Structure formats: structure tokens, C-alpha cells
Number of protein chains: 4
Amino acid sequence: MIESPNHSENKRFWKRKKEVRPQEILKAATELFVEQGFSATKVAMVAKKAGVQPGTIYVYYENKEALFKAVIHAAMDPVLQYSNDFLKQYTGSSKNLLFELTHQWWKLMESEACAGIPKLVTAESKNFPDLTRFYMDQVLVHAKRIVEGVLEYGIQKNDFFVENLDISARIMMHSLHEITVYAHSFDSLADEKLDIELYLDQLASFFYKSLSNPHPVDRPLKGPEIQALNTEENHQ
Amino acid sequence: MIESPNHSENKRFWKRKKEVRPQEILKAATELFVEQGFSATKVAMVAKKAGVQPGTIYVYYENKEALFKAVIHAAMDPVLQYSNDFLKQYTGSSKNLLFELTHQWWKLMESEACAGIPKLVTAESKNFPDLTRFYMDQVLVHAKRIVEGVLEYGIQKNDFFVENLDISARIMMHSLHEITVYAHSFDSLADEKLDIELYLDQLASFFYKSLSNPHPVDRPLKGPEIQALNTEENHQ
Amino acid sequence: MIESPNHSENKRFWKRKKEVRPQEILKAATELFVEQGFSATKVAMVAKKAGVQPGTIYVYYENKEALFKAVIHAAMDPVLQYSNDFLKQYTGSSKNLLFELTHQWWKLMESEACAGIPKLVTAESKNFPDLTRFYMDQVLVHAKRIVEGVLEYGIQKNDFFVENLDISARIMMHSLHEITVYAHSFDSLADEKLDIELYLDQLASFFYKSLSNPHPVDRPLKGPEIQALNTEENHQ
Amino acid sequence: MIESPNHSENKRFWKRKKEVRPQEILKAATELFVEQGFSATKVAMVAKKAGVQPGTIYVYYENKEALFKAVIHAAMDPVLQYSNDFLKQYTGSSKNLLFELTHQWWKLMESEACAGIPKLVTAESKNFPDLTRFYMDQVLVHAKRIVEGVLEYGIQKNDFFVENLDISARIMMHSLHEITVYAHSFDSLADEKLDIELYLDQLASFFYKSLSNPHPVDRPLKGPEIQALNTEENHQ
DNA sequence: TATGAATGAGTCTTCATTCAT
DNA sequence: GATGAATGAAGACTCATTCAT
């Protein structure tokens with residue numbers, strides 16, 4: 001079922017007609033998929049939440065899988081449209097740019113449309129490889145480029161000192177990605193919620209401290225203390 | 001029915017020691033759950049992979065959900081047994097400690113038993129709240145404590161300068177957690193695989209640069225450049 | 001799988017009016033439950049008998065138990081609607097009233113809808129306590145009230161002489177109940193069927209002789225003949 | 001499964017060896033079958049209650065059905081051994097004989113071994129036709145003969161006046177049977193329990209009044225009041 | 001376009017029965 | 001005789017999908 005090869009002709013099936021009905025279905029589906037995952041979300045639940053009958057969903061979407069893909073694509077629209085042009089016109093401080101990066105990422109990802117999507121894609125990555133690839137190619141690479149742009153901005157202004165641009169960008173991008181996943185998987189169940197704004201500030205600050213530190217760091221030679229860490233030998 | 005005649009060779013399968021049977025089931029279940037998630041994994045698939053009949057699974061596990069929980073618990077056992085005692089004995093440099101932290105985390109999480117579990121728990125968090133809480137309380141909090149221990153070690157030796165211990169520890173812990181999730185959700189589908197060892201080195205280095213940077217960082221006052229980032233106005 | 005190709009002719013089965021569908025299911029279920037009991041009746045058998053697919057049953061009934069309860073309730077509806085109003089209008093002889101009672105009970109219980117239900121409820125009483133209570137409260141109590149009404153009618157007309165109204169009513173009600181149970185449990189297997197009409201006449205006659213007998217009867221003092229009956233001493 | 005014809009060779013399989021083990025199994029099985037019926041009673045439950053392993057049951061009984069039949073047969077042993085010889089030596093009053101009949105029946109049927117069996121046989125009659133026939137031939141006919149003997153005793157002494165011996169005996173036998181079925185199906189769930197001793201006394205008294213009433217009773221001619229009873233026309 | 005009753009293949013789960021020990 | 005782990009066929013129930021209206 002999953003990943004059947006005969007979808008070549010509907011590559012853009014998620015560009016659904018702009019009527020109200022499919023929007024409601026998409027909205028309902030997004031919420032349910034994000035909350036419960038693909039398999040656990042039943043088409044009947046989506047229909048009920050959207051205020052339509054199950055059959056109606058199949059008027060707009062070929063099947064549940066197509067609906068799922070449409071949900072992801074629709075949710076990623078805002079992100080895909082988020083251009084990195086702004087970097088070309090940005091003239092502020094490198095430090096401030098980091099704070100903007102973290103807070104804007106959060107604002108973007110937690111906008112009503114795509115909140116929870118990163119977690120959802122993460123969860124279903126193995127079952128929807130093509131969707132995952134789309135997500136990686138479009139969203140993650142896009143995000144990484146923006147981070148790279150930020151780093152280059154700081155490097156150019158001699159504010160940032162980066163040994164390995166690719167991996168540094170990945171580290172930062174992953175940190176940003178992680179927080180959105182965490183928020184939807186764990187924080188909602190935590191006894192005391194994370195203060196996101198504070199977290200984002202600290203994250204930017206953490207980034208800045210690292211990037212503005214001009215001293216290169218090499219891994220020390222491995223010493224005998226490594227064994228101290230490895231206590232696995234006494235596990236069954 | 002159709003497939004029944006070709007079972008003549010498994011007539012003595014159940015002769016194996018009874019102790020190993022649940023282990024085999026657990027192993028098969030772990031792999032399948034990690035690969036496909038809870039709902040998409042069928043009990044019959046687990047049975048087949050474990051080389052038993054579907055009914056046998058229910059000799060050892062009350063139901064599919066119990067099997068799932070057993071998988072998570074069993075996988076997390078090595079991690080939970082990984083104590084932070086080593087910090088008390090550790091006498092090396094703060095810098096080296098960071099490298100140990102990242103590499104040991106990876107080694108621990110990617111050991112055969114629990115590879116992919118973080119991703120799995122992340123994915124099913126909403127469907128298994130109690131399991132998620134167990135994971136948060138045991139694994140994440142445990143991991144955070146170790147990170148805090150590392151930070152305190154460096155602070156005490158005057159190598160690290162940390163404004164907010166809690167959030168700094170979270171940031172680092174999340175970074176570590178993220179790579180295990182990323183490895184199982186995305187990296188396996190990536191065209192060019194991430195060089196994990198290099199990534200871990202860079203991550204430790206990134207941590208070190210930030211932590212060893214004594215200059216406090218505050219968020220700059222918000223300026224007009226914020227709007228430049230926000231391009232959301234042209235979305236629905 | 002093997003049987004799938006021979007369904008081409010039922011393609012339009014579901015075109016029948018939706019109102020009749022649950023009725024057909026109920027009818028099929030009633031017959032099977034009465035014949036075989038709850039556990040021995042398989043949902044698939046009900047579906048087949050009703051001319052629907054197994055899944056269709058779950059469109060109308062939450063589960064097998066709900067279907068069972070619906071069967072009992074639907075079957076008892078006619079009985080519950082059978083009011084005892086007629087007693088208020090009845091002006092005939094007390095004797096005739098007894099004949100009416102027995103024959104009407106039989107006619108009512110053996111009407112298509114509820115034939116065999118008393119036996120079924122009797123059989124499943126332990127497994128469905130709430131249903132049994134419903135049956136007791138509604139059907140048995142109802143029946144007993146009618147019998148009590150009959151007795152009171154005769155007493156008032158000085159035709160009947162009853163020492164203990166409650167127990168006399170129970171005795172008669174039980175006799176009536178018994179024949180419906182007997183008919184469905186045993187008589188169908190008997191070599192020579194019971195002549196029900198004759199039996200009912202004799203039962204009414206038996207009732208009448210007892211009720212019209214004005215001589216009180218007390219239990220004689222226990223004598224030595226009791227031991228003569230008890231031959232249990234030679235059992236384990 | 002039920003009623004397979006290849007049991008001809010084990011017609012007396014219930015004459016089980018007199019060891020302790022099968023007795024315990026039989027005892028446990030009897031209680032569970034009586035409480036829950038055949039299908040709802042699981043072999044594993046019987047094993048657990050008997051303090052043995054499931055496999056052990058199959059050492060003594062060919063299968064679940066054989067166990068069931070053994071239960072019924074063993075439980076009926078006391079009844080089958082209950083001879084009607086006592087009638088030949090009975091010299092007391094006819095009235096007292098009726099009281100003995102009712103109370104002895106109850107004592108016999110409610111002895112530990114066979115309490116609840118009538119209800120069980122009633123419930124499973126359709127699924128075990130041969131068992132039902134055995135029960136009818138042995139127990140019910142046996143009981144009816146005793147009742148007939150009682151009636152003949154009274155007739156001979158000119159105390160009883162019976163128009164139709166067969167049906168009168170059936171009526172009385174059914175009344176006795178009914179009370180044992182009722183006790184196990186309904187009375188245990190009733191808010192206020194039936195006072196059995198009182199009921200039995202009243203039943204004997206009811207019998208006596210009827211039997212000692214010398215006036216023949218014929219059914220009156222049907223009159224117009226019959227329609228008054230029939231209110232079925234206003235049911236759907 | 002929208003419906004919603006019906007489907008029927010598929011899933012989880014049960015449990016009577018077996019058999020090597 | 002007794003075990004009890006393993007079986008595997010069968011049953012209750014689900015749900016994505018269809019299609020006549």
C-alpha cells in the first residue's frame with residue numbers, strides 16, 4: 001500500500017482546488033495526523049472533524065496516503081515560501097541575526113499550518129520515503145541554506161569563526177529542528193513546560209558564544225579516561 | 001491456508017529453550033517497530049520475523065501494546081544502567097569531557113539494543129503518554145543530569161562559563177538526542193550519509209567554544225530588521 | 001481469497017432499503033442465538049444468514065454483545081406491550097380466565113418474534129447479568145403481575161381460594177415459563193412431541209382444580225418414611 | 001466439532017478412573033460449566049481451578065466436549081441411582097407423599113454434585129443433542145416415572161383424582177424441574193431471594209389441592225372475551 | 001458534488017489441542 | 001502420568017474504500 005509506484009501522474013495532487021471543503025478536510029487531517037500519526041488516524045475521524053462524510057474525502061484525495069502527502073505539502077508551503085532573500089538586505093549585527101534566526105524559525109514552524117509537521121515527518125519517515133526525501137530536500141536543505149547564509153554573514157563581518165561551515169550549519173539547523181519536534185512529542189506531557197522564549201534566547205546565545213569564539217578546538221588525544229565512561233561491559 | 005503445507009520443517013521450532021523465545025520476539029519486534037512504527041507493524045510480521053506463530057507472542061506479552069512497551073523498556077535498560085558515576089572519578093580536561101560525552105552518547109544509543117528507539121518514542125509519544133513519560137523521566141532526565149554533571153565539572157574547573165545551567169544542559173541534551181533521531185529518520189534516506197564521527201567532533205567542539213566563552217551574551221534590542229525576515233504575509 | 005471470485009452476483013445487495021437491514025440482521029441473530037446460544041453463534045454466521053457481510057453488522061450494532069441485547073429487547077417488546085388492561089374489562093368466568101391465561105401466554109411467547117428467548121436468557125443468565133435483570137424485572141415480573149391479577153379476579157368472585165398469593169402466582173408463572181423453555185430445549189428433540197394445546201388445557205385445569213379447592217393444606221408432620229426416599233447413602 | 005459421530009467407542013468415557021486427579025478436574029469443570037456455560041468456559045480455566053496444567057485434562061478426557069459430557073453424566077449419577085423402589089414400600093398418606101416428592105427432588109438436585117446441571121443441559125440442548133436425549137431419557141423420564149408412581153399411589157388410595165395421568169405427571173415434573181433451573185438462572189440475581197422451603201411447601205400444597213379435587217374441569221367454550229386478551233394487532 | 005451504507009480484506013487476539021520432555 | 005510451551009485455525013472487530021443515489 002504504502003509507496004505504491006503508480007503516483008507519477010499526480011505529483012501535484014496536493015495543489016488541491018481552492019474550495020472551502022478541501023481546506024476543511026486538510027485542516028482536520030493535519031491536526032489528527034500530527035496528534036496521532038498516520039496509521040492511528042482514521043479517515044472517518046478526519047471526515048467527522050471536517051464535518052463531511054467519509055466518501056467526500058475521496059472526491060478530493062485519491063486515498064489516505066494522498067491526503068497525508070497533501071497535508072505535509074500544504075503545511076510546508078509557508079516554509080518553502082520563506083525566502084532567504086532577506087539576508088541579502090540584512091544589515092544588522094551578526095549577534096542579532098542569530099536571535100532572529102531562532103525566533104523566526106520557531107514562529108514559522110509553530111504557525112498554525114505547520115505546527116507538529118516536523119515531528120510527523122520524523123515519525124513516518126520510513127513509511128513515506130518519497131515524502132521524507134521531499135522534506136529533506138526542500139525543508140531541511142532550505143533551512144540549512146538559511147543557516148549557512150547567517151553564518152556567512154557573520155564570517156564576512158568577521159564576527160563568526162567557523163571551522164566547518166557545513167557541519168556547523170547542520171548542528172544549528174538540527175537544534176532548531178529538534179526544538180519543534182520536542183515541543184510536540186514531549187513538552188506537552190512535561191510537568192513543567194519549557195519556557196520557549198527563554199530557551200530560544202539561550203539557544204541563540206549559545207550559538208553566538210560558539211561562533212564568536214575565535215579559538216579553534218581540536219579533539220584531545222584519547223586518554224585512559226575513556227574506559228571510565230564505558231560501563232557497558234556489565235550489561236547483560 | 002494456502003501456505004500451510006510448507007511448514008513441515010518447523011515442526012520442532014518450539015523445542016528451543018523457553019528463555020530465548022521472548023528474547024527473539026523482543027528482538028524482532030524492536031526492529032520492526034523502529035522501522036515502521038507501532039501501528040504499521042503487524043503482530044504477524046513480528047511472529048514471522050521471530051520464527052514463531054502469532055499465538056506464541058501472546059504467551060509472553062498480553063497484547064501488542066504490552067509488547068511495544070516491553071520493547072522500549074528493554075531497549076532503554078542499557079541506558080538506564082549507564083550511570084553518571086564516572087563523573088566522580090573523571091579527572092581529565094573539561095574539553096575532553098565534552099568529546100567523551102558526545103561520542104559515548106552515540107555509542108550507547110546506537111548499540112544494537114536501542115538504536116532507533118528515540119525516534120520511535122518521539123513518533124508514538126501522543127499514542128503512548130505513559131511510555132513517553134517513562135522515557136522522559138528516565139532517559140531524558142538521566143541524560144540531562146549527565147550533561148549537567150559535565151557542565152558543573154567544567155564550571156568548577158573554571159573552564160566553562162554558563163549563564164543558565166538548566167537550559168544549557170537541555171540544549172546540549174537535545175542536540176545529542178536529535179542526532180539519534182535524525183540518523184534513523186533522515187540520514188538513512190540521504191544521498192550522502194553524514195559523517196557521524198566528524199559531526200560528533202564538531203558538535204563537541206561547538207559546545208566547547210560556547211561553554212568556554214566567558215563573555216555573556218544578551219539579546220539585542222529588537223530593531224526594524226525583524227520584518228525583513230517575516231514573509232508570511234503572502235500566505236493564506 | 002480463494003472464494004472471492006464468486007461474489008459477482010451480490011454486487012447490488014446493499015441497495016436494499018437501509019431501514020430493513022438492521023431488521024434482517026436482528027432476525028437472523030435471533031434465530032441463531034436461540035438455536036445455539038451466544039458463544040456458539042458466530043458473527044459471520046449471523047451475517048451470512050442475514051445476507052450481509054460481517055462488517056455490516058457493526059454498522060448497526062457496536063459489538064456482538066450489543067447485538068445480543070438488541071435481540072432480547074426486540075423480542076420482548078411484544079410481551080412488554082401486552083398489557084394487563086384486559087383484566088379490568090374481563091367479565092367472564094374465573095375458570096375461563098385460567099384457560100385464557102395459559103393459551104394466551106403460549107400464543108404470545110411463541111409468536112415469531114420471541115420464541116426461544118426465555119430459554120436463551122435462561123442459558124446466558126450468568127454471562128449477562130444486566131440482561132437477566134432486565135428480563136426478570138420486565139418479563140417475569142410482568143407475567144407474575146398478570147397471574148396475580150387473574151388470581152385476584154377469582155378470589156374476588158369467590159371462585160379461587162389462595163393461601164399465599166405471591167407464591168401461588170410464582171408457581172403458575174413458573175409453569176407457564178417452563179413450557180416455553182421446555183419446548184425449545186427438549187421437545188424439539190423428543191421422539192413424540194408434546195401436544196401443547198392439550199397440555200395447556202390440562203395445565204389450566206390443574207390450576208383451576210387447585211385454586212377452586214377451598215380446603216387449606218398443611219404439610220404433615222415428618223414421619224419415618226422420609227428415609228425411604230433417601231437412597232443417596234451409596235453415592236461417593 | 002460439536003456432535004461428531006466418531007464417539008461410538010467411548011460411550012462410557014465418563015466412567016473415569018477413580019483417581020483423585022480426574023475428580024478434581026470434574027469438580028472444577030462442573031462448577032465452571034454450570035456458572036458460565038460450555039463455550040464460555042475455557043479449558044485453561046478448568047485446569048487452573050483443578051490445580052493442574054491444561055495438558056493434564058487431555059490425559060483423562062479426549063477433548064472439551066468429552067469433559068462436558070462426563071460432567072453431565074457424573075452429576076446425574078445420584079439422580080439415576082435414585083430409585084423409585086421406595087414407592088413400593090411407602091405406606092404413608094398421599095398428601096405427605098407430595099411433600100416428600102417436592103422436598104426430596106430439591107434435596108437431590110441441589111446436592112453438591114448436580115446443582116445447576118438442569119439449567120446447563122437446558123442451555124446447551126441444541127449443541128449437544130445426544131446429551132440432551134440422554135438427559136431426557138434418563139433424568140426427565142425417570143423423574144416423570146416417580147411422579148407417576150406418586151400419582152398412582154394417591155389414585156389407588158382414592159385420594160387423588162387425575163384425568164390425564166401422563167400430562168399431570170409432566171406438569172408436576174416440569175414444575176419441579178423449573179424450580180431448579182430458576183434457582184440457578186434467576187434467583188441468584190434477584191433482589192430478594194425466594195424462600196425455597198416455603199415455595200416447595202406451597203408447591204406440594206398446590207399439587208395436593210389439585211389432585212385431591214374430585215371435580216373434573218373442562219375448558220369452557222370460547223367466548224368473545226378471547227379477543228380482549230389478544231392485543232397483538234397493534235404491534236409493529 | 002456529496003453522500004453514507006456497505007464492503008471485505010486484514011488485524012489482533014483467543015484457546016482447544018498437541019507433544020517432546 | 002504430568003507438563004506447559006507452542007500451536008494455528010478461527011473469531012471478533014476495524015476501517016480504507018467504493019458506488020448507487
Side-chain angles (χ1 to χ4, degrees), chain A residues 1 17 19 21-22 39-47 52-65 67, chain B residues 1 3-4 7 10-19 21-22 39-47 51-65 67, chain C residues 1 3-4 7 10-19 21-22 39-47 51-65 67, chain D residues 1 17 19 21-22 39-47 52-65 67:
Chain A
M1 288 169 195
K17 311 165 199 68
E19 282 91 3
R21 196 59 55 98
S39 289
T41 297
K42 314 303 174 192
V43 173
M45 295 161 67
V46 175
V52 298
Q53 294 297 330
T56 308
I57 289 178
Y58 290 83
V59 173
Y60 297 97
Y61 303 96
E62 195 180 337
N63 52 29
K64 191 186 176 189
E65 198 174 323
L67 174 61
Chain B
M1 288 170 190
E3 310 231 22
S4 50
H7 288 319
N10 343 1
K11 272 193 176 168
R12 291 170 184 246
F13 263 31
W14 62 270
K15 274 184 82 177
R16 278 172 283 180
K17 283 197 225 110
K18 64 181 172 184
E19 295 84 19
R21 192 53 49 95
S39 292
T41 298
K42 312 305 173 188
V43 173
M45 297 160 65
V46 176
V52 297
Q53 294 295 336
T56 307
I57 289 177
Y58 291 85
V59 173
Y60 298 99
Y61 304 96
E62 201 180 336
N63 51 31
K64 192 185 173 188
E65 198 171 321
L67 175 60
Chain C
M1 289 171 190
E3 310 230 20
S4 50
H7 287 320
N10 346 3
K11 272 192 174 169
R12 289 170 185 246
F13 263 31
W14 62 269
K15 273 184 85 176
R16 276 172 284 180
K17 282 196 225 111
K18 65 182 173 185
E19 295 83 20
R21 193 53 50 94
S39 292
T41 299
K42 311 305 172 188
V43 173
M45 296 160 66
V46 176
V52 298
Q53 293 297 100
T56 307
I57 290 178
Y58 292 87
V59 173
Y60 298 99
Y61 304 96
E62 199 178 338
N63 51 33
K64 193 185 171 187
E65 199 171 321
L67 174 61
Chain D
M1 287 168 193
K17 310 164 200 68
E19 283 92 2
R21 196 59 55 96
S39 289
T41 297
K42 314 304 172 192
V43 173
M45 296 160 67
V46 176
V52 299
Q53 294 297 332
T56 308
I57 289 178
Y58 289 84
V59 173
Y60 297 98
Y61 303 96
E62 196 180 336
N63 52 31
K64 192 187 175 187
E65 197 172 323
L67 174 62

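Worth saying up front: this structure is predicted, and the values here are computed from it rather than measured. A note on names: the letters A, B, ... follow the listed sequences, proteins ahead of strands, and every chain is numbered from 1.
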Requested in this report: Looking at every strand, decide which applies to Thr41(A) at a 4.0 Å heavy-atom threshold: base, sugar-phosphate, or nothing.
Outcome: sugar-phosphate

Report summary line: Tyr58(D) atom OH is separated from dT3(F) atom P, nearest whole Å, by 15 Å

Query raised in the report: Can you tell which of dT13(E), dT1(E), dT7(E) lies closest to the side chain of Val43(B)?
Result: dT13(E)

Report task. Could you check how far CD1 of Ile57(C) sits from C1' of dA6(E), rounded to whole Å? Result -> 12 Å

**Report entry** Rounded distance in Å - CD (Gln53(C)) to C1' (dG8(E))
**Finding:** 6 Å

Query raised in the report: Can you check the Met45(D) CE to dG4(F) P distance for me, whole Å?
Result: 20 Å

Requested in this report: Return the value, rounded to whole Å, for the distance between atom CG of Asn63(A) and atom P of dC15(F).
Outcome: 17 Å

Report task. Counting heavy atoms from C-beta on, name the nucleotide in dT7(F), dA2(F), dG4(E) closest to the side chain of Val59(D). Result -> dA2(F)

Report summary line: Quick note, Lys64(B) side chain, CB onward, closest among dT7(F), dT13(E), dA6(E) is dT13(E)

Report task. Could you pull out all residues at least two apart from Val52(A) that satisfy side-chain contact (heavy atoms from CB on, under 4.5 Å)? Result -> Arg21(A), Ile25(A), Ala47(A), Ala50(A), Thr56(A), Ile57(A)

Requested in this report: Could you run through DNA chain F and flag its stems, i.e. three or more consecutive Watson-Crick or G-U pairs with both distances under 3.5 Å?
Outcome: E:2-21 with F:2-21

Requested in this report: Measure the distance from NZ on Lys42(B) to P on dC12(E) and round it to the nearest whole Å.
Outcome: 6 Å

Report task. Return the set of residues passing side-chain contact (heavy atoms from CB on, under 4.5 Å) with Ser39(C) (not counting sequence neighbours), or none when no residue passes. Result -> Ser39(D), Ala40(D)

Report task. Take the protein atom OH of Tyr60(A) and the nucleotide atom C1' of dA2(E), then report the distance between them rounded to whole Å. Result -> 8 Å

